[in-house]
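Just below is one structure, and these are the notes that go with it.
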Amino acid sequence: MKNILTAIVLLIGLAAMLPGEEGMYPLSEIHKLNLSSRGFAIEPGELYNPSGVSLVDGIINLGGCTASFISPDGLILTNYHCAFGAIQSLTSTENDYLRDGFYAADAAGELPAPRYTARLIESYRDVSREVLAVLKNKMTHAERSKAIEEKIKRMVVAVEKASPGRRAEVAEMFRGKTYVLFVYANIKDVRLVYAPPRAVGEFGGEVDNWAWPRHTGDFALLRAYVAPDGSFAGHSPQNVPYRPKKHFQVSAAGVQADDFVFTLGYPGSTHRHKSSHYLAYEEEVRLPAAVDLGRWIIALKEKMSATDRDTAIKLSASLQGLWNSVKRSEGQLKGLKNLGLAERRQQQEAELQRFINADPGRQRKFGGLFARLDRAYADMRRRASRDTALDNLVSRRYSIIMGNAFAICEASVERAKKDTQREEAYMDRNFERSEQQMTLALRNYYEPAEKAVLGELLRRAAALPEGEAIAAVRDLAGQGDPEKALAEFLEKAFAGTQLKDPAVVSAWLRKTSAELRALDDPFIRLAFALYPDYREMREAGKREKGVLDPLLAQLVDAKKEQQGTEFIPDANSTLRLTYGRVRGYSPADAVHMQPFTTLSGIVEKTAANPGVEDFSAPQKLIDLSAAKAHGAYAHPALGDVPVAMLYDMDTTGGNSGSPVFNARGELIGLNFDRVYEATINDFAWDPSYSRSIGVDARFILWSLDQFSNAQRLLKEMGVQ
Ligand code: ASP
């Protein structure tokens, strides 16, 4: 008996020593995992059970983030940075929720978070055969993409028609190969309940973003509401809290170093099954261009924000998004270079090519694969600068006014088509949402920034070499001094446009192309002038997808034959399970990172950075720490409240807000970030550098209890 016990203890110890594992498992793969051998103390049916209640029922798809239910009355836990859009849009200089935090003392004080929806998975099924059945031999590449696109749209519309209040999505799992139809309940009334002050929710700011050691209390609480009859109605004072099938107990049980953890969430996208061409393209073309423009806009907007609080509030969401993606891109560039990822993948492909060449059957199936990938990417590179310049010009990400003008113009063309032949954004099922995005974006309209950014985008587009010129931009820049011509256009256009008014945006979004042209608005005119080039670029994109999809499908098949294994599909914003252990790491020679940070660490960083806004913890937090007011939330070994923790689960963007569970399925943390070295996860995961970061649940409970006295919420969560 003693020997058996020793063996068990040894085995558990050994499991704790094993490196973490790559893998974002879709629902369809969960039953293939031997859960107990990996460290789970729950059964597969507790994780996912389509005919009963399981953990999956408590997981929410919250736009680009994940969230989860933590009370029977629809209370939602997610990251501060995921709720940021809501907090920011409710903030004004009078009610500065960014600075002070937000706590609704009662239900009436919970404020609508416009644009937020909570989606819950109801069912999924493989529809690959139905989707691929639309392909015919004689189709061109562009026709293939369009046929698949339209088939998917028809399926989705049919499902939504048959089940009101539901949202359907067909996700491409392996490109050009497998498709899964997901049906979601779609809750449309989501309200803000609690947010810590930004000095807690974003403590460390951009310096600490994508970094460890981390002391950010990146959490916030929302609530889902439905109509009294249970239907998923838009915001209304009559609505009542939603009662979820499953909610999680936020637990102070905590975890220690080497403990097993897992998460369920909606990771956005990874690119591990793409070829070396893609990695080289990212490294040499796309990422450097995105970083260059991002840095330029950040510098501009930070300067504009420095002296005026109102401007700073307006620009804060855009700056936060820019910083997040620029720093991630820089981390990825560094990782791509340092690890030589593109070359490594080239070597693997050379080996795969030898494997293909060694067998005539394989040669027939996969022979021209890499030569065709070479050609497809060479074509993409040829078009890259022009495509980027054009895409940036029409995107609301950079210029709200120009982005809206272009969408209005495109809507007039698309809405003249049959619903399932339109671009996604203009289909009936998406129209209201697109309109809302456009009008709400104007809340952050700040003209000097708009003018400067659009000016820069035009200047960059005007500098394209002769053969790549964008006709509309060339015409604007004129023959003489382009600088002067563009400046004159901007002055006149911003003075003359009516598009600063959300009511105008809504009304124009319903106009025909002829009606719009007759208005003679300067931005609408420019949008129509850009449109033919844009349409050509979009068509080229569809052609390219038609070329690449079957090639990428072949690549996966060839690798499967070579390695004799099945692969897990890349992340694609569908629900995934991943697991690992709480673990430190070593980012450099002689450096070892511990896996927990503490409340005292916040105080320490504040003291070390006097006057630096990003490192100025609220005085109350400092006082509570000094008084050792830890409540019931101290980490026994650390003798302090743990703030953030590190683990080797396989996560990416979109896993923000994913609940972190211990082996028994209790919620002990909240995922929010990765370390700098792990930004490269999207291309290649590795146990040595892939570490994700979560807020420890003990800090969340401590904040609600000691820092904010939010007793009504703790009671609701079953904590007190
Ligand atoms: N903080 C990250 C994000 O919001 C989450 C991640 O990518 O790991 O993108």
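Residue numbers count from 1 along this sequence. Worth saying up front: this structure is predicted, and the values here are computed from it rather than measured. In listed order, ligands and their atoms are each counted from 1.
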Contact table ligand 1 N or O to protein N or O, d under 3.5 Å:
unit_1: ligand 1; atom_1: 1 (N); unit_2: Phe672; atom_2: O; d: 2.7
unit_1: ligand 1; atom_1: 1 (N); unit_2: Asp673; atom_2: OD1; d: 3.0
unit_1: ligand 1; atom_1: 4 (O); unit_2: His81; atom_2: NE2; d: 3.0
unit_1: ligand 1; atom_1: 4 (O); unit_2: Ser656; atom_2: OG; d: 3.1
unit_1: ligand 1; atom_1: 7 (O); unit_2: Gly653; atom_2: N; d: 3.0
unit_1: ligand 1; atom_1: 7 (O); unit_2: Arg674; atom_2: NE; d: 3.4
unit_1: ligand 1; atom_1: 7 (O); unit_2: Arg674; atom_2: NH2; d: 2.7
unit_1: ligand 1; atom_1: 8 (O); unit_2: Arg674; atom_2: NE; d: 2.8
unit_1: ligand 1; atom_1: 9 (O); unit_2: Asn324; atom_2: ND2; d: 3.4

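- When each of Ile568, Leu577, Leu575, Asn572 is paired with Pro26, the side-chain contact (heavy atoms from CB on, under 4.5 Å) condition holds for Ile568 and for no other.
- Under a 4.0 Å N-O distance rule, the pair Asp208/Lys605 qualifies as a salt bridge.
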*Please step through ring-ring contact (aromatic ring centres under 6.0 Å, His included) for the pair Tyr194 and Phe219, ending with a clear verdict.*
CA-CA 9 Å; Tyr194 175 89; Phe219 80 99; 5.7 Å; yes
*Quick one: do Glu282 and Lys274 satisfy salt bridge (Lys or Arg N to Asp or Glu O under 4.0 Å)? Show the steps, please.*
CA-CA 11 Å; Glu282 287 288 291; Lys274 289 192 178 152; over 6 Å; no
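- Classification of Arg286 and Asp387 as a salt-bridged pair fails, no side-chain N sitting under 4.0 Å from a carboxylate O.
- Defined by atom type and a distance below 3.5 Å, a donor-acceptor pair is present between the side-chain atoms of Glu424 and Asn430.
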